[in-house]
There are 2 protein chains.
Amino acid sequence: MEPIRRQQLIQATMAAIDEVGLADATVARIARHAGVSAGIISHYFGGKDGLLEATMRRILSDLGDAVAARRRDRPDDSPRAQLQAIIEGNFDRSQVTGPVAKTWLAFWASSMHKPALQRLQQVNDRRLHSNLCAQFRRLMPRDEAHRAAQALAAVIDGLWLRGALTPEGLDAKAARRTALATLDQLLDAAPHPVH
Amino acid sequence: MEPIRRQQLIQATMAAIDEVGLADATVARIARHAGVSAGIISHYFGGKDGLLEATMRRILSDLGDAVAARRRDRPDDSPRAQLQAIIEGNFDRSQVTGPVAKTWLAFWASSMHKPALQRLQQVNDRRLHSNLCAQFRRLMPRDEAHRAAQALAAVIDGLWLRGALTPEGLDAKAARRTALATLDQLLDAAPHPVH
DNA sequence: CTTTATTGATTGAACGTTCAATAAAAAAAT
DNA sequence: ATTTTTTTATTGAACGTTCAATCAATAAAG
């Protein structure tokens, strides 16, 4: 029963946040979305905070899985191919859907003042940056790779942010194209591989 | 008295949001920051929502002023110079400071479900995009200019987002450098001016 | 004296958590 | 196989807390 309820409640949390925002996502509303009683939340997650943390953990975990899968399925091990896989993983279908994107941004804002969420966010942030950096590092000096990784990460997050905010939701195809174009420019700007 | 109190309360709102986040920025706390009673807020802003809207309006207005000032002070009217001015205006000192950046992100997340804030945010968004687009348009075809503007806007917002979240606050100098480098790449990629 | 500015206690609504009661399921005993 | 016992799962009303808004009372200014 436990894994079923946890999954139901995490999904219901995203649905509620998508519907009315984090501020108005009360335990009563979340429970109603899941078709259960409000008391269940404290029973399985120890309280509302526990449920919110579990929900953010799930989103970041799914995002990491999407990136890892794209990289694994790509036989080409070249830096450009791997960077493309990372970008495409970040704009994976399941991640840019309305509820997930909105919940993600809500947590991001919330993590500014909640240490538990801030830790999760920083771990995810560092993982993305080191993934990008490692690939750029194969093509350019350290400082340059660092800057390229920062620029690409900013583009990815910026597109997510704007996508979460537009009423129509993120245009995944256009976002992917923009991010890939930025990648190409970053690579063309430093065409001197480090042997 | 009125303009003084309004200014005090708007500043106090940013201070409170910087301190404990939007969720815990109660009217009592904001009033305490301003050194006045809680009842004053309803008197001058009609309620808490009015104060929050006025605060967001102030942030966006200050941002617009910073950009306009940078463009005005720049004698060079070339596209590149104007785009640089827009970028530098977006990373103006008064805007990237802790309280302002955190409040800005908090409102951005909140605007997903509050129509009043969403309108403000969209107006600001469209202004940035059309400013960028108009300059790129002088150097490349329409579609290409549109895409370049989207990419640069994503970088700017992404840098803001990441800056608001890092505990140390945004490194304005590094952010400006990253955005300007992206601009240079966008311009170099399309070196065929439309006469 | 009149108007404006300000206070702060009060009010009613909304929220998260708790917990005793109940239902369902599983295990044990007959 | 049936009944009894034990454990687990779930409910929803009650409780205490917190908050925004109100408004009569007071102070200051014109």
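Each chain gets a letter, A, B and so on, in the order the sequences are listed, and its residues count up from 1.
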Note to self: Students often get this wrong, so: under 4.0 angstrom with heavy atoms, is B:Phe45 touching a base, only sugar-phosphate, or nothing?
What the structure shows: nothing
Notebook entry, point to check: What residues, two or more places apart in sequence or in another chain, satisfy salt bridge (charged side-chain N to carboxylate O under 4.0 Å, His left out) together with B:Glu53?
Noted result: B:Arg57
Next item on the list: To the nearest Å, give me how far apart CE (B:Met1) and P (C:dT7) are.
Entry: 11 Å
Checklist line | Residue-level proximity of residues 5-40 of chain A to DNA chain C when a heavy atom falls under 4.0 Å | finding: A:Thr26, A:Val27
Check: Angle, rounded to 10°, between the helical axes spanning five pairs at each terminus of the helix from C:dC1-D:dG30 to C:dT30-D:dA1?
Finding: 0°
Notebook entry, point to check: Is the shortest heavy-atom distance from the side chain of A:Leu83 to the side chain of A:Phe136 under 4.5 Å?
Noted result: yes
Notebook entry, point to check: Are A:Arg162 and B:Asp157 within salt-bridge range, i.e. N to O under 4.0 Å?
Noted result: yes
Check: Do A:Val155 and B:Thr182 come close enough that some side-chain heavy atom pair is under 4.5 Å?
Finding: no
Note to self: What is the distance, to the nearest angstrom, from the CD atom on B:Glu2 to the P atom on C:dT3?
What the structure shows: 18 Å
Item checked: salt bridge (charged side-chain N to carboxylate O under 4.0 Å, His left out), paired with A:Glu88, selected from A:Arg177, A:Arg71, A:Arg176, A:Arg74 -> A:Arg74
Notebook entry, point to check: Is any NZ, NE, NH1 or NH2 atom of the basic residue among B:Asp24 and B:Arg29 found under 4.0 Å from an Asp or Glu carboxylate oxygen of the other?
Noted result: no
Next item on the list: Using the heavy-atom set of chain A and a strict 4.0 Å cut-off, write down the first and last nucleotide of DNA chain D that makes it in, 5' to 3'.
Entry: D:dA9 to D:dG12
Note to self: Tell me every residue that passes ring pair (Phe, Tyr, Trp, His ring centres under 6.0 Å) with A:His146, counting only those two or more places apart in sequence or in another chain.
What the structure shows: A:His129
Check: Does the side chain of B:His33 come under 3.5 Å of the side chain of B:Glu19 through a donor N or O and an acceptor N or O?
Finding: yes
Next item on the list: Provide, to the nearest angstrom, the distance between the NE2 atom belonging to B:His43 and the P atom belonging to C:dT7.
Entry: 11 Å
Item checked: Backbone N/O of A:Ala145 and side chain of A:Gln135: donor-acceptor pair under 3.5 Å -> no
Margin query: Just to verify, what does A:Arg147 make a side-chain hydrogen bond (donor to acceptor under 3.5 Å, both in side chains) with, not counting sequence neighbours?
Written below: none
